[in-house]
Engineer: 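Can you read through this structure? Questions will come right after.
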Protein chains: 2
Amino acid sequence: MTTAAQVFQALGDATRRDMMERLTDTALSVSALAAPYDMTLTAVGQHLAILEAAGLIKTEKIGRVRSCAINPAGLEVLEQWARARRPLWQRRLDRLGDMLDEDDA
Amino acid sequence: MTTAAQVFQALGDATRRDMMERLTDTALSVSALAAPYDMTLTAVGQHLAILEAAGLIKTEKIGRVRSCAINPAGLEVLEQWARARRPLWQRRLDRLGDMLDEDDA
DNA sequence: TCAATGGTCAAGTTTTAGCTTCACTATTTA
DNA sequence: TAAATAGTGAAGCTAAAACTTGACCATTGA
């Protein structure tokens, strides 16, 4: 099961967000995915496991090569989380008339 | 400045997500927010600092009480991040015809 | 005015996330 | 079939995140 918690945690890491960007327009093998990072293949494999558990990618091993591709399921979890809360949050703000300052330090 | 990185990291923590839920329909003081957790007030203050830096809440100290309320700015960052990527990700999946299995283990 | 309340600061501890090493398996190519 | 390629598993290290302690300040109510 993919939870919002998993998706948030997965995307909280810069390397994993970058991997997602790189998978946007093409599927990549673990090695290809690993190439730009100063990191062992093992570490990359661990990142991929986290992304897959979060439902953000799908992987399939063909022969000795594991192909990694985007899985929009995780993104949907994210969007639904945001969509479910925004009206409530917005409504509350409207009710109070935004009594707090508008600048975020 | 509020970045996607900050928002993801902030919401990756279960306590902080729960705090956001509890702020949905009312503003709360630090003590009131802290009450349900088996955690010191200091720790709660640290969580709030992270949420505020991420643009997810706004706080204002009136007298000796700090009032904490939802700030939709952080949520917007999240929604925009998802909205910007979904069409690209979806397009790619359509192009390939979803060659990978549909189950997410 | 002085004790209680609400919160903050600096410093330290504990737990967890990210990463490495090394040994290993399975597949492919020469 | 032997060497190279692609990746995995288990264990340990390290640095960052979560949390605590203890001292402290400002506000408020008795």
Side-chain angles (χ1 to χ4, degrees), chain A residues 2-23 26-69 74 100-101 105, chain B residues 2-23 26-69 74 100-101 105:
Chain A
T2 294
T3 66
Q6 285 178 298
V7 175
F8 285 128
Q9 274 175 21
L11 294 176
D13 182 83
T15 302
R16 288 192 290 264
R17 272 197 314 283
D18 189 58
M19 286 173 166
M20 293 304 289
E21 305 286 355
R22 295 182 45 233
L23 288 173
T26 178
L28 292 171
S29 70
V30 177
S31 306
L33 216 36
Y37 311 119
D38 184 18
M39 191 185 300
T40 63
L41 209 59
T42 303
V44 170
Q46 288 164 356
H47 281 303
L48 293 174
I50 290 167
L51 287 174
E52 186 159 28
L56 285 161
I57 63 169
K58 287 181 180 179
T59 77
E60 192 187 21
K61 193 161 183 178
I62 302 164
R64 64 184 168 180
V65 176
R66 177 171 298 275
S67 178
C68 308
L100 300 174
D101 295 336
Chain B
T2 294
T3 66
Q6 284 178 298
V7 175
F8 285 128
Q9 275 175 21
L11 294 176
D13 182 84
T15 302
R16 288 193 291 262
R17 270 197 317 283
D18 190 58
M19 286 173 166
M20 293 304 290
E21 304 285 356
R22 293 184 44 234
L23 288 174
T26 178
L28 292 171
S29 70
V30 177
S31 305
L33 261 176
Y37 310 119
D38 184 17
M39 192 185 298
T40 63
L41 208 59
T42 303
V44 170
Q46 288 164 356
H47 281 303
L48 293 174
I50 290 168
L51 287 174
E52 187 159 28
L56 285 161
I57 63 169
K58 287 180 180 181
T59 77
E60 190 187 20
K61 193 161 184 179
I62 302 163
R64 64 183 169 180
V65 177
R66 178 171 298 277
S67 178
C68 307
L100 299 173
D101 295 336

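Just so it is clear: chains get the letters A, B, ... in the order the sequence lines come, proteins before strands, and each one is counted from 1. Below, each value reflects all heavy atoms present in this structure, side chains not excepted, and no hydrogens, waters or symmetry copies. A quick note: this is a predicted structure, and the numbers were derived from the prediction, not measured.
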Engineer: Without decimals, in angstroms, what is the distance between Leu41(B) CG and dA18(D) P?
Structural biologist: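 These atoms are roughly 17 Å apart.
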Engineer: Could you state the CG-C1' distance from Leu33(A) to dT8(D), rounded to the nearest angstrom?
Structural biologist: 16 Å
Engineer: Over all heavy atoms of both residues, which pair between Arg17(B) and Ala5(A) is shortest? Give the atoms and the distance, please.
Structural biologist: NH2-CB, 3.1 Å
Engineer: Looking only at the side chain of Met39(A) (C-beta and beyond, no hydrogens), which of the listed nucleotides dC19(C), dG18(C), dT8(D) gets closest?
Structural biologist: dC19(C)
Engineer: Which is true for Ile50(B) with a 4.0 Å heavy-atom rule: it touches a base, it touches only sugar-phosphate, or it touches nothing?
Structural biologist: sugar-phosphate
Engineer: May I have the distance from Arg17(A) (atom CZ) to dA17(C) (atom P), rounded to whole angstrom?
Structural biologist: 17 Å
Engineer: Between dC19(D) atom P and Arg16(B) atom CZ, what is the distance in whole Å?
Structural biologist: 8 Å
Engineer: Should His47(B) be listed as having a side-chain N or O under 4.0 Å from OP1 or OP2 of dA17(D)?
Structural biologist: no
Engineer: Which atom pair, heavy atoms only, marks the closest approach of Gly74(A) to Thr2(A)?
Structural biologist: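 The pair with the smallest heavy-atom distance is CA-CG2, 4.5 Å.
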Engineer: Which residue is it: Val30(B), Thr15(B), Asp18(B), Ile57(B)? I am looking for the one with a side chain to side chain contact (heavy atoms under 4.5 Å, CB included) to His47(B).
Structural biologist: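 So, applying the side chain to side chain contact (heavy atoms under 4.5 Å, CB included) to His47(B) and each of Val30(B), Thr15(B), Asp18(B), Ile57(B), only Thr15(B) qualifies.
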Engineer: Of Asp13(A), Leu28(A), Val44(A), which meets side chain to side chain contact (heavy atoms under 4.5 Å, CB included) against Met19(A)?
Structural biologist: Val44(A)
Engineer: Between P on dG18(C) and OH on Tyr37(A), what's the gap in Å once rounded to a whole number?
Structural biologist: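 About 14 Å, once rounded to whole Å.
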Engineer: How many Å lie between CG on Leu51(A) and P on dA17(C), as a whole number?
Structural biologist: 15 Å
Engineer: Gln9(A) near the nucleic acid: base, sugar-phosphate alone, or nothing, with a heavy-atom cut-off under 4.0 Å?
Structural biologist: nothing
Engineer: Taking only the side-chain heavy atoms of Thr42(B) (C-beta and beyond), determine which of dC19(D), dA10(C), dC22(C) contains the nearest atom.
Structural biologist: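 Of the options given, the side chain of Thr42(B) lies nearest dA10(C).
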Engineer: Could you give the CD1-to-P distance, from Ile62(A) to dT28(C), as a whole number of Å?
Structural biologist: 10 Å
Engineer: Measure CG/Asp13(A) against P/dA16(D) and give the value in whole Å, please.
Structural biologist: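 Taking CG of Asp13(A) and P of dA16(D), I get 13 Å after rounding.
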Engineer: For the side chain of Thr40(B), starting at C-beta, report the closest nucleotide among dT20(C), dT20(D), dG18(C).
Structural biologist: dT20(D)
Engineer: Are the side chain of Arg16(A) and the backbone N or O of Leu51(A) linked by a donor-acceptor pair below 3.5 Å?
Structural biologist: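 No: the side chain of Arg16(A) does not pair with the backbone of Leu51(A).
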Engineer: Checking contacts here: which listed nucleotide (dT28(D), dA4(D), dT20(C)) is nearest the side-chain heavy atoms of Arg64(A)?
Structural biologist: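 In terms of side-chain proximity for Arg64(A), the closest of dT28(D), dA4(D), dT20(C) is dA4(D).
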Engineer: For Gly63(A), report the nucleic acid contact type (base, sugar-phosphate, nothing); a contact means any heavy atom under 4.0 Å.
Structural biologist: sugar-phosphate
Engineer: Nearest nucleotide by nearest heavy atom, which residue falls closer to the 5' end of DNA chain C, Gln46(B) or Gly12(A)?
Structural biologist: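 Mapping each residue to its closest nucleotide by heavy atoms, the 5'-most match is Gln46(B).
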Engineer: Would you indicate which nucleotide in dA11(D), dT21(C), dT8(C) comes nearest to any side-chain atom of Arg66(B)?
Structural biologist: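 Shortest atom-to-atom distance from the side chain points to dT8(C).
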